[in-house]
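What follows is one structure encoded as structure tokens, with my remarks underneath.
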There are 2 protein chains.
Amino acid sequence: MLGKRREREREKRRKTILKAAKSLFSKQGANPVTISDIAKKAELSKGAIYLYFSGKEEMRAQILLDDIEKFHREVLPIFKGGDSASEVLIGFAHMYVDFFLRDRALFRILINFMMHANSLNLSDDTNRRIILETNRAISVTENIFQFGIDKGEFLLRKEDVMAMRNSLWGMLNGIISLHLFIGRESTREKRIHSGINECLNIFIEGLKKSK
Amino acid sequence: MLGKRREREREKRRKTILKAAKSLFSKQGANPVTISDIAKKAELSKGAIYLYFSGKEEMRAQILLDDIEKFHREVLPIFKGGDSASEVLIGFAHMYVDFFLRDRALFRILINFMMHANSLNLSDDTNRRIILETNRAISVTENIFQFGIDKGEFLLRKEDVMAMRNSLWGMLNGIISLHLFIGRESTREKRIHSGINECLNIFIEGLKKSK
DNA sequence: TAAACAAAGGTCAAATTATGACCACCGGTC
DNA sequence: GACCGGTGGTCATAATTTGACCTTTGTTTA
């Protein structure tokens with residue numbers, strides 16, 4: 001059992017490392033960021049880093065989970081008062097894709113996590129947070145569908161919401177991975193978003209007609 | 001050799017302890033402050049205190065040296081533009097006495113130090129600082145005498161400055177110790193200061209006539 | 001293709017810092 | 001003088017940090 005002060009100082013140091021890592025990640029130019037770089041920036045030894053994080057993956061995961069949490073906290077509420085469910089859905093989809101396109105590491109971690117949860121050795125707490133954030137994002141899409149149903153905009157049986165949600169989820173992730181892993185660097189944002197719109201239009205078209 | 005950050009943090013911790021000690025010392029009511037009190041206030045263990053200070057005496061000494069330094073830095077310059085050397089001398093004397101009357105511990109440390117240098121086991125650095133501050137205060141009184149001589153206000157041979165300085169020094173310390181050790185608690189500030197004025201008047205009288 | 005190599009991730013014994021149970025000593029009480 | 005409560009101070013132990021060293025990985029070279 002640690003005293004209050006020590007706990008406080010430990011948390012502070014953790015934040016320092018995360019901050020250092022984030023600043024390096026964000027401007028990682030030609031060469032990728034190394035643990036030693038982070039240690040140097042945080043004014044700590046390399047060994048010390050491993051006292052706070054299980055490895056680089058965990059650091060990335062935590063940084064990016066912070067971002068997702070922020071996303072859910074600040075960005076999503078904007079759509080709460082949206083006009084039509086379709087618009088809300090489209091808005092969310094673009095934001096979601098944009099968000100992950102900005103840092104492929106998070107997406108890799110998430111996908112990796114969903115595929116084979118324990119290939120990266122993240123801490124228990126980080127795993128829990130990933131599950132939580134994933135579920136929260138899932139419930140957002142579910143809510144959008146429900147919103148559409150309640151409004152009479154989407155003709156969708158309640159039992160099919162989950163299937164649709166998975167479908168949307170898969171579609172968005174598919175688009176993201178397409179552009180992250182297969183797509184060229186030169187792939188322009190514009191193209192991505194027009195692609196999303198095409199897909200979503202078909203999707204929504206179906207929703208409005210179904211059953 | 002310690003790294004920059006560690007040195008910074010060590011200094012910060014030292015300051016924290018000193019701050020805690022100071023706040024306790026300043027409001028030490030009925031019962032005196034213990035090391036454990038300080039440790040508790042500083043959110044550290046008792047043992048840790050001894051990693052930063054050789055003991056309570058050293059803490060007191062350092063706190064009070066900080067005060068003396070502040071005194072020399074901020075209070076003394078006020079008199080620099082004084083009218084007559086006599087006024088400057090009187091102003092300084094009152095301040096000096098007031099300063100030490102506020103905390104008898106500093107005075108005891110100083111006297112102890114001047115009598116038998118190493119009875120308290122202060123660190124080398126603290127000893128050095130005491131010597132420095134003592135010398136500085138001495139030079140201040142010397143400067144006042146010189147100021148008076150230059151102005152033609154004090155009729156004093158240059159060779160006698162040191163003797164006069166020691167004399168003043170002894171007088172002030174005598175007054176302080178009189179009130180700190182012998183004087184009753186009920187001794188009023190007023191009485192002290194009128195006493196100082198009496199002594200100084202005689203002193204200055206002599207200065208103006210001497211040689 | 002295999003060997004050599006560089007660079008990064010990761011480990012660990014040693015150094016530094018912090019803890020709190022413990023001891024010695026002092027002043028007061030019976 | 002024996003006892004006792006409390007305080008200054010010590011020290012074995014624990015927690016944290018370091019940097020040299022080992023391991024892995026991917027690339028160049030013979």
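Lettering of chains follows the sequences in order, A, B, ..., and the numbering in each one begins at 1. Since this is a predicted model, take the numbers as computed values, not measurements.
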Spacing of A/Ile35 atom CD1 relative to D/dG19 atom P, expressed in whole Å:
16 Å
Could you give the CD-to-C1' distance, from A/Glu58 to C/dG9, as a whole number of Å?
15 Å
Take atom OH of A/Tyr50 and atom C1' of C/dG9, then tell me their distance rounded to the nearest Å.
5 Å
Check against salt bridge (Lys or Arg N to Asp or Glu O under 4.0 Å), A/Arg10 and A/Glu7
CA-CA 5 Å; A/Arg10 184 176 178 76; A/Glu7 210 162 331; over 6 Å; no
For a quick check of understanding: with a heavy-atom distance under 4.0 Å over all strands, which category does B/Phe53 fall into, base, sugar-phosphate or nothing?
nothing
Check whether any side-chain N or O of A/Lys56 sits under 3.5 Å from a backbone N or O of A/Val33 as a donor-acceptor pair, and report yes or no.
yes
Under the rule for side-chain hydrogen bond (donor to acceptor under 3.5 Å, both in side chains), what residues qualify as partners of A/Glu9, not counting sequence neighbours?
A/Arg5, B/Arg13
From C-beta outward on B/Thr34, which listed nucleotide comes closest to its side chain: D/dT7, C/dA8, D/dT17?
D/dT7
Using heavy atoms to find the nearest nucleotide of DNA chain C for A/Ala48 and A/Glu9 separately, return the residue whose nucleotide is more 5′.
A/Ala48
Take the protein atom CZ of A/Arg5 and the nucleotide atom P of C/dT17, then report the distance between them rounded to whole Å.
14 Å
Any idea which of D/dT7, C/dT19, D/dA20 is nearest the B/Leu44 side chain?
C/dT19
B/Arg6 side chain, from C-beta outward: closest of C/dT17, C/dT19, D/dT10
C/dT17
What does the inter-axis angle of the helix from C/dT1-D/dA30 to C/dC30-D/dG1 come out as, five pairs per end, nearest 10 degrees?
20°
Can you tell me the distance, in whole Å, between the CD atom of A/Glu57 and the P atom of C/dG10?
8 Å
Got B/Ile17 and B/Lys41 here, is their nearest side-chain heavy-atom distance under 4.5 Å?
no
N-O pairing of A/Arg6 and B/Glu43 below 4.0 Å
no
Describe the nucleic acid contact of A/Leu51 in one word from base, sugar-phosphate, nothing, applying a heavy-atom distance below 4.0 Å.
base
Whichever of B/Gly47 and B/Ser36 has the more 5' nearest nucleotide on DNA chain D, that residue is B/Ser36
Sorted by chain and residue number, the side-chain hydrogen bond (donor to acceptor under 3.5 Å, both in side chains) partners of A/Ser45 (sequence neighbours excluded) come out as none
B/Tyr52 OH - C/dT17 C1' separation (whole Å):
6 Å
Please give, in whole Å, the distance from C/dA8 C1' to A/Ile49 CD1?
14 Å
So does B/Arg13 get a side-chain nitrogen or oxygen closer than 4.0 Å to the phosphate oxygens (OP1/OP2) of C/dA18?
yes
For B/Glu142 and B/Gln146, which I'm curious about, is there any donor-acceptor pair between the side chains at under 3.5 Å?
no
Between D/dT17 atom C1' and B/Arg10 atom CZ, what is the distance in whole Å?
14 Å
Which part of the nucleic acid, if any, lies within contact of A/Lys56, taking any heavy atom under 4.0 Å across all strands shown: a base, the sugar-phosphate backbone alone, or nothing?
sugar-phosphate
